[in-house]
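Notes for the one structure printed next.
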Amino acid sequence: MLKTYKYILGLVWLVVLFLVPLPFIQTLTTGLPALYNDQRLAIIWGAVAYAWMLASIYLSTRPHWLDRLIGLPKMYMIHGIMALARWP
């Protein structure tokens with residue numbers, strides 16, 4: 001279905017990659033004690049990496065609905081990009 005609309009496919013992946021970590025970031029910014037203010041950025045980046053790892057692990061299970069929607073090679077590509085993006 002989305003194979004012909006590459007800009008929609010890219011937009012969907014951008015939304016997934018940026019909306020998945022938002023609950024983690026919101027929870028950390030509101031509940032982090034003042035003691036850790038100097039480490040706040042590192043903690044937030046760690047939460048983003050963790051959320052991307054969760055999404056990457058879910059993609060590695062090869063869900064059939066996503067395979068039919070975008071195709072296995074594109075799903076592997078996103079899986080690989082997320083693995084490289086969270087590498088320090």
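Count residues from 1 along the sequence. Note that the coordinates shown come from a computational prediction; the quantities given were computed from them, not determined experimentally.
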* Asked: Just how far is it from atom CG of L28 to atom OG1 of T30, taken to the nearest 0.5 Å?
  -> 8.0 Å
* Can you list the residues that meet the side-chain contact (heavy atoms from CB on, under 4.5 Å) rule with N37, with sequence neighbours excluded? -> A34, R40
* What closest approach, in Å, do F24 and L54 show between heavy atoms, and which atom pair accounts for it? -> CZ-CD1, 4.2 Å
* Asked: At their closest point, which heavy atom of P23 faces which heavy atom of T27, and how far apart are they?
  -> O-OG1, 2.8 Å
* Asked: Should Y50 and L32 be regarded as members of a common hydrophobic cluster, given that ILVMFWY residues are connected when their side-chain heavy atoms come within less than 4.5 Å of each other, either directly or indirectly?
  -> no
* Could you grab the distance from atom CD1 of I44 to atom OG1 of T29, nearest 0.5 Å is fine? => 6.0 Å
* Structure fact -> Only residue of V20, I43, I25 satisfying side chain to side chain contact (heavy atoms under 4.5 Å, CB included) with V48 is I25
